[in-house]
Amino acid sequence: MSSTPSKHLMKQSSKLLLEDLRKEREELEDLGELDITTILGSDFDDDSISAADQELIKEALIKGYDLRQYSKDVENNLNQMDKMTINDYFQERDNFLTLYTQIQVVDGVLETLETMLNNYYNDLKSIGSEMNSLQERSMSMNHKLNNRKLFDEKLSKFLDAVIIDPEFYNDLTNSKNGIDDYYISNLTKLDTKITLFDDYKKISPTICAMNEPQLSKLTVASIQKIQKYLATTLNSNFKKLAEKKQKQKQLANMGYLFQFLFKYSQYIASEVILSYVENNEKYFTSFYKAYVSALLKLLEDGAPGKNDFINIGTGKIKSLFNSTPYKNNSNNNNGQQQQQQQQQLHTTFSMGNRCELLVKEVLELPPIEPPQSSSSIPFLEAALEFIPIVNNNSNSNSNGNNSSSKESGKELPSVKYSFDQLFRSMIYFLMDILGSETLFVKDFFLGGEDIILSIFTRSINHLVEVTENYLGNSYDVVGLVLMISMLYRYRSMMNERGVNALDRPFDRLIAMISNRFVKLFSLYLDHIKNTSIKDLKAGISCNSPHYVIRKYADFITTIQAVSAKIPTQCDCQNILCKAVAELKDSCNALINRLVQEIESKDDQIIFLVNNYAIVVQSIQEYVVSSNGTGGTATNGDIIPPDQDITIKPFYKSFQSVAKKYVDTQIANLKYLSHFISFSWEWGPLVESNVKIDLKENPSFNTSNVTKILHAFEQNWRSAIAAIRNNSINHFSQCQYAQTQIFNLVITEIHTCYRMLAIIIDKYFDSLKSDSNFKSDKIIDEMKEMNPNLNLKYIHQE
């Protein structure tokens, strides 16, 4: 079959080739290696001509065969081959017949198999349809089952909501059954019934109408029972706070009673709240007034009064700053010892032991327990619960418990307290009862500050009234600032515990106390400014601080201490800062007035050192004690005075007059005066590398320096000792001044000696071998006198 196209193609190709050969016969010899594509061109598709045919055509072209004859030969050969093939097929006809018969048999088998597979496929389709049908029926049955379950559930809820079981009814209405956890669980079920009953009215109004009267009756009966129970329980009069708090703890877990009452009868719920507020207001007001009244009986006598500073005269101005000592008539040793401790609590401008009221641990001590008669119940028999406390015995001065009197059965003389201590107990006691009541109201009534304020308004007003009466006659400015400080501290404590009901009362108290403080502070300053210098002259002594300046120092320290405990962004903070600034100006002005009364310049310097030093010392001593270091500020360098805003102006003034004092003392020592003057004259020049001409400066010679070095080595130790002894005599009442003067003397002598050693090192090399030149050994001796001083060695940068 494929030979016919090939023969036709070859005939066409041969004709073309013969025509080309006729035209260019001469070029055939130069063709070299020929192939069919070279002859027929690149556009001829030679894929249909095999490689062997191409070789035959190529060979025929080269040898010059007659292609027509060659074509006929090929065609004859093909015809012969066809005849031979037909003959072969004819000879094998039996085999072909057998093959045909076998193919028909196989075809029959395949047809049978096809029929079987079609039948199987049809069966599978039928099974799939049945499975789909079963699945649909299963889904339908499942849906019906779910609907029936849902119906049963809703029907069950409906029956539970609509039908009231007699036993359930009896449990809620029987007066013999008390109110406990079981009753509250039944009350919860009743609440659920009522809630669902309203929804089921739309579904089944007939059935609901039949049972509604019974449900309403049960609801009313439950409300009446709860009302009666709460009226009895909430309004019980307890003799002890512990009993009341214990009962409130139990009721706090039964808060659902009031929630049910409020949900189904707001009128009765309001009546319950009003009744609770009314009874508790009377209870706490009476209890708190009795406690405050008992506390006020412990108020100490001899508090500062107006006459303490109005009648100012010679020898009387001390009363401006000191209170009258408390007189103790008790013969009991224990009472005397406690009363002597209380005497230290009370000076007008200094805190004394009252600084404890700035300590958190003391502020959180239990309130003072007033002494009670044998028939009375102690106010604080129950431990405070709302506010964390420390051990009662940790500070007998502050809490004043009378446990010893209870044990012995005898009444001991009661300890007296300043009003600020009693005020702390009044506030703390109110915080405790108000805090506990707030927690209960929030848990049981789900109420807020309005209920608490309604209960404690009269108690708070009584506290404000007592405080106002005290402020009208109070001249204890230290007590006032302490009261302000503790109010801020207690307010913060209550806010941390989520109780804000006392914020406004505390703000009111702070405003009252602040106004009184400002008034008294102005009054104090005016009296000092208007006091004649003749009245103050009796207290002037150059060897001790003036007592007025000493109390100024105490007052500045007190205000500074309290100010550190008050939030920075408060009006009181501004008031106290302004007071400190006015005190500093007034103190400086008074010191300048007093020093003019001293004739001797040297005594003036000593007087100024004493008075400036006492102010710095007082403030630093408080800083040290408040930081819990347990030391004092006598070493002069516990805090950097030049960085402290309060101390800085006084410290600068002190440094100036202290330097003058040291210069005067050294100038009085003739055996060192030449050493000091020579060192300061030439030392700075030598240190600055200024060249010194020995010929033009006759005093700058080896002989003179040798004398100075010898005098220094012989006398510098005794000079320091002499100045120190003088400072002890001049500043016997101010350790800070003694220490600072001693440090300044060592520093001055060290500076001069170091400059002298540098001069010797650069210009008098021969003196280095002198026995009196000991180089850094002398500086080591100076360091041993005070290791805290930073003394550089000679060649140290």
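Atoms considered below: every heavy atom in the structure, side chains included; atoms not considered: hydrogens, waters and symmetry mates. All residue numbers refer to positions in the sequence shown, counting from 1.
- Without hydrogens or angle criteria, S436 side chain to I433 main chain gives no donor-acceptor distance under 3.5 Å.
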Evaluate the criterion side chain to side chain contact (heavy atoms under 4.5 Å, CB included) for residue pair N118 and E114; output intermediate values, then yes/no. CA-CA 6 Å; N118 288 334; E114 180 182 9; 3.7 Å; yes

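- Contact check for L145 versus K149: side-chain heavy atoms found under the 4.5 Å cut-off.
- Atom-to-atom distance recorded for D82:CG and N87:CG is 12.5 Å, nearest 0.5 angstrom.
- D776 contributes a side-chain N or O that, together with a main-chain N or O of I794, makes up a donor-acceptor pair within less than 3.5 Å.
- With hydrogens and angles ignored, the 3.5 Å screen pairs no side-chain donor or acceptor of S138 with any backbone N or O of L134.
- We find the OG-CZ distance between S492 and F506 to be 11.0 Å, quoted to the nearest 0.5 Å.
- For the pair S126 (side chain) and N122 (backbone), a donor-acceptor distance under 3.5 Å is absent.
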Is there a side chain to side chain contact (heavy atoms under 4.5 Å, CB included) between N147 and F151 once you walk through the steps? CA-CA 6 Å; N147 288 340; F151 175 77; over 6 Å; no

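- Residues V220 and I223 fail the side-chain proximity criterion, which asks for heavy atoms closer than 4.5 Å.
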Trace of the side chain to side chain contact (heavy atoms under 4.5 Å, CB included) decision for I452 with V499: CA-CA 10 Å; I452 296 300; V499 180; over 6 Å; no

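- Atom CE of M493 sits about 5.0 Å away from atom CE of M431, to the nearest 0.5 Å.
- Residues F262 and F445 are not in side-chain contact: their nearest non-hydrogen atoms beyond the backbone lie 4.5 Å or more apart.
- When atom types are taken as modelled, the side chain of N79 and the backbone of E75 share a donor-acceptor pair closer than 3.5 angstrom.
- With a 4.5 Å cut-off on side-chain heavy atoms, I273 and V277 count as touching.
- Taking the side chain as every heavy atom from C-beta outward, I460 and L502 approach each other to under 4.5 Å.
- Rounding to the nearest 0.5 Å gives a distance of 8.5 Å between NZ of K263 and CZ of F260.
- Within the structure, the side chain to side chain donor-acceptor pair (under 3.5 Å) test picks out the following pairs touching residues 92-113 (sequence neighbours left out): E92-N95, Y100-Q104.
- A donor-acceptor pair is defined here as one N or O able to donate and one able to accept, closer than 3.5 Å; no such pair exists between the side chain of S133 and the backbone of S129.
- Within 6.0 Å of the CG atom in N119, the count of heavy atoms belonging to other residues, nucleotides or ligands exceeds 12.
- Between the side chain of T85 and the main chain of M81, a donor-acceptor pair closer than 3.5 Å is present.
- More than 12 non-hydrogen atoms from other residues, nucleotides or ligands lie less than 6.0 angstrom from CD of Q91.
- Rounding to the nearest 0.5 Å gives a distance of 12.0 Å between CG of N186 and CD1 of I179.
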Decide yes or no on side chain to side chain contact (heavy atoms under 4.5 Å, CB included) for Q224 and Y229, but give the supporting numbers first. CA-CA 9 Å; Q224 291 175 349; Y229 175 77; over 6 Å; no

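- Counting heavy atoms from C-beta on, the side chains of Y183 and I226 come closer than 4.5 Å.
- The CG atom of L230 lies 11.0 Å from the CD1 atom of I268; values are rounded to the nearest 0.5 Å.
- Closest approach of I184 to Y256, counting heavy atoms only: CG2-CD2, 4.1 Å.
- Looking only at distances, a side-chain donor or acceptor of T438 sits under 3.5 Å from a matching main-chain atom of L434.
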